[in-house]
There are 4 protein chains.
Amino acid sequence: MNEHRAGPVRSAAAREAILAATAKMFQAQGYEQLTIEGIAKEAGVGKQTIYRWWKSRGALIAECLTDGRLFPVDLVAKNSGDVIADIEEWVSGVIGILVSHNGESLLRSLVAAAAEDADVGDHLTLGMGVEDRLSERMRIGIADGQLPPDAPVTELAQAIIGALVIQVLTRANEYEGPMRQLIRFILAPRFA
Amino acid sequence: MNEHRAGPVRSAAAREAILAATAKMFQAQGYEQLTIEGIAKEAGVGKQTIYRWWKSRGALIAECLTDGRLFPVDLVAKNSGDVIADIEEWVSGVIGILVSHNGESLLRSLVAAAAEDADVGDHLTLGMGVEDRLSERMRIGIADGQLPPDAPVTELAQAIIGALVIQVLTRANEYEGPMRQLIRFILAPRFA
Amino acid sequence: MNEHRAGPVRSAAAREAILAATAKMFQAQGYEQLTIEGIAKEAGVGKQTIYRWWKSRGALIAECLTDGRLFPVDLVAKNSGDVIADIEEWVSGVIGILVSHNGESLLRSLVAAAAEDADVGDHLTLGMGVEDRLSERMRIGIADGQLPPDAPVTELAQAIIGALVIQVLTRANEYEGPMRQLIRFILAPRFA
Amino acid sequence: MNEHRAGPVRSAAAREAILAATAKMFQAQGYEQLTIEGIAKEAGVGKQTIYRWWKSRGALIAECLTDGRLFPVDLVAKNSGDVIADIEEWVSGVIGILVSHNGESLLRSLVAAAAEDADVGDHLTLGMGVEDRLSERMRIGIADGQLPPDAPVTELAQAIIGALVIQVLTRANEYEGPMRQLIRFILAPRFA
DNA sequence: CTCTAAGCGAGACGGTACGTCTTGTCTTGAG
DNA sequence: CTCAAGACAAGACGTACCGTCTCGCTTAGAG
């Protein structure tokens, strides 16, 4: 039994407190205002404990993302048989979350974090769980014959989310109408 | 007896030097590393001269955007008669710029700036001139009968740009193929 | 034909406003807090008008001193026939002024100004009018035979004022008693 | 059991470097030109480390004073048996220091610092060690019967130093003669 | 009566320093 | 060996003034 390792092992309590504090402060103040010192104080933790386990602010956010700590709800697209209606409804739900309790600034902060930190960028799709929901539902639409077999579901999901992101970044004042128009057009049935 | 204001007028030389320094440093180092002190030093200007005329770092970027100082080239979509081919080619061109001389990090910085500062967000579309190029070309496509009359051109442009932004944020390793697939699908001819 | 000097002459109103503002702000805030910009604003005057006529903050204070704008009262030592009693009373009066309406900080500011600016130093004695009052009275004391003919009146006045200054600088909590002791001792009658 | 305080302790090296830099720059440039940033740079120290331990520029000077870092020599008044001669000689020595290597401006800076900052004022006498030397010697003079038992030694010392300060502030061009006259007069033997 | 050079108020300018904040590293002593 | 606490060097923040420099009046002799 070599490989002796004295002393305490990584503190689960500290990890939890740090991630909880990060998520809370990220939601409350956004990415730019988020400081390591602030998180350490809020979590009742030494700064070094953070630096020991995460290499940057972005890595913290990334872990919060994969832990699902930044999105309280996890919308799953329902299946009513009508792919366009389902996706419209799903996007409506996302917009509803955005509009109530400043989800727009949460999204903007998330985008900022992703833009500035590769770790966050890597986990963005994953964490949002968002494109997956959409592309899954569209895949079912293909199976149902409602969408053409060659529909590039991943890219379509990116386009839908991307359009919404652009609108949020440019501070559009309405999301619902334009998004509905977009979805109806790009997913409209085609006849050969 | 109108509002007379004696005294020196705003220095055009200082304004020019500041914007030039901002654009140069933004491109070289990105948004997060951009500091007011750095700009002031590079421009040979007092910090107060910056704070006198711009209320934030973001306002500076926004003005650079509207002045077209952040995008060296201004791609206009050509009209070969084939709207899909033209838009594919245009997007290819944009991707080419992104890939050479770290345009990706420029775009990421721009997105970060837009996310964190409303001024930048407001000028983003305008400054990129980007959606306009696309929607213009698509409008011609409608007139030519290549796209349906009810095609939501603004939203389609947002979707195309948005998809690209998402790919850049998530550090995709290839843009060309997915974007081509997307464009071909959403702009594909439909028959009634 | 030579040495023509066209144009308006120095504005008496501006000079008055500047000196008044200087005196007021010096008394209110002390020397260290006194700024040229503050004086200009208070006087309703351009900064350049101050710099045109005075070469430094100290020169302004010096002129206020010689104009007697910094000491509201101008104590003249009375002559009751008893030189020691008269000087004690005079010093008491000065202490009274010091103690009421923060004369201590006024004196400290004055000393700071004199220490940092030769102009102020040069006018300090003159402006306080202070040593003169004392040395005059002592000269009368010599004529009366109450003080020895060889008493160095200027130096004695400096010693008395200087002792008081030292006490004010070191934030002594009582001036009256020590000063009385000092005066009584150094001016005490001597017998051959 | 008691008030534990973990964490690093105050760096003695930093403290030493800061005080040394302060003393050096104070002597070289005077009080008004002394800046926290300059000290930090000279000491190779962060600004915050200064602000952490001293609340003002004055507090720094005060500590230099009590550490005896501002006066290279520490004159002790000798005892030849003749109190007047000894004090004259002591004052001569002080004047000698003043006159050579711009001790006058050092003294003026010190007075400015004392005038503007209570901390410095409080430590002025102590730090100069100066009045104490004088009053000690005078106390011996009393014991020897050369001075009257009721001579107010503290106040006399203040008067002597104060007269010198006044002369330095008013930029007198000679100290030696006047100071000798003053001392001889106020300490002259008296007969009942 | 016109010309013209100065004085004036206002305030922009390139700078320096302020005192605060945060970064990421290092140090201490408890557990 | 980890942890909390926090000192440290570094350096940017946004503000306050410095002393100089335009601006576009408004004067007041000289021609």
Side-chain angles (χ1 to χ4, degrees), chain A residues 4-11 13-14 17 33-41 43-53 55-57, chain B residues 4-11 13-15 17 33-41 43-53 55-57, chain C residues 1 4-11 13-15 17 33-41 43-53 55-57, chain D residues 4-11 13-15 17 33-41 43-53 55-57:
Chain A
H4 168 54
R5 250 270 289 106
V9 89
R10 178 171 184 180
S11 157
Q33 315 305 329
L34 193 69
T35 66
I36 299 286
E37 293 203 341
I39 294 170
K41 175 157 285 184
V45 136
K47 279 200 289 178
Q48 196 55 50
T49 303
I50 299 180
Y51 284 112
R52 193 166 8 245
W53 301 110
K55 72 180 206 296
S56 70
R57 200 167 51 140
Chain B
H4 167 53
R5 230 285 284 123
V9 91
R10 178 172 183 179
S11 159
R15 178 181 177 277
Q33 315 304 328
L34 192 69
T35 67
I36 299 285
E37 291 203 344
I39 295 170
K41 175 159 284 183
V45 136
K47 275 200 289 180
Q48 198 56 54
T49 302
I50 299 180
Y51 285 111
R52 188 160 20 240
W53 301 109
K55 71 180 206 297
S56 71
R57 204 165 49 137
Chain C
M1 55 165 26
H4 165 49
R5 241 282 284 111
V9 90
R10 177 173 185 178
S11 158
R15 177 179 178 278
Q33 316 304 328
L34 193 68
T35 67
I36 299 287
E37 293 202 341
I39 294 170
K41 176 156 284 183
V45 136
K47 278 200 288 179
Q48 196 54 51
T49 303
I50 299 180
Y51 284 111
R52 197 173 357 252
W53 303 110
K55 71 178 208 296
S56 71
R57 199 166 54 137
Chain D
H4 167 52
R5 231 283 286 122
V9 92
R10 178 172 186 178
S11 157
R15 177 180 178 277
Q33 316 304 328
L34 192 69
T35 68
I36 299 285
E37 292 202 344
I39 294 169
K41 175 159 283 183
V45 135
K47 278 200 287 180
Q48 198 55 52
T49 301
I50 299 180
Y51 284 111
R52 190 167 11 248
W53 300 110
K55 71 180 208 295
S56 70
R57 204 168 47 140

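In what follows, chains are A, B, ... by sequence order, proteins preceding strands, each numbered from 1. As the structure is a computational prediction, the values presented were derived from the model and not from experiment.
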Residue-phosphate contact under 4.0 Å: A:Arg52 side-chain N/O, F:dT2 OP1/OP2:
no
Let's see if you can work this out: which of E:dT23, E:dC18, F:dT20 has an atom nearest to the side-chain heavy atoms of A:Ile36?
E:dT23
Result for 5'-nearest mapping on DNA chain F, choosing between D:Gly46 and B:Glu37, is D:Gly46
Which is true for B:Gly44 with a 4.0 Å heavy-atom rule: it touches a base, it touches only sugar-phosphate, or it touches nothing?
sugar-phosphate
Quiz item: cation-pi between B:Arg10 and B:Trp53, 6.0 Å / 45°:
yes
In whole Å, I'd like the distance from the CD atom of C:Gln33 to the C1' atom of E:dC18.
13 Å
Proximal nucleotide (of F:dT27, E:dA12, F:dA12) relative to the C:Pro8 side chain:
F:dT27
Distance check needed: E:dA17 C1' versus D:Ile50 CD1, whole Å only.
13 Å
Is there a side-chain polar atom (N or O) of C:Trp53 under 4.0 Å from OP1 or OP2 of E:dC8?
yes
Check: A:Gln48 side chain, F:dC3 base, donor-acceptor under 3.5 Å:
no
Nearest of E:dC18, F:dG14, E:dC8 to any side-chain atom of D:Tyr51?
E:dC18
Side-chain N or O of A:Thr49 closer than 4.0 Å to phosphate OP1/OP2 of F:dA4:
yes
Comparing D:Lys47 with D:Arg15, nearest DNA chain F nucleotide closer to 5' gives the residue D:Arg15
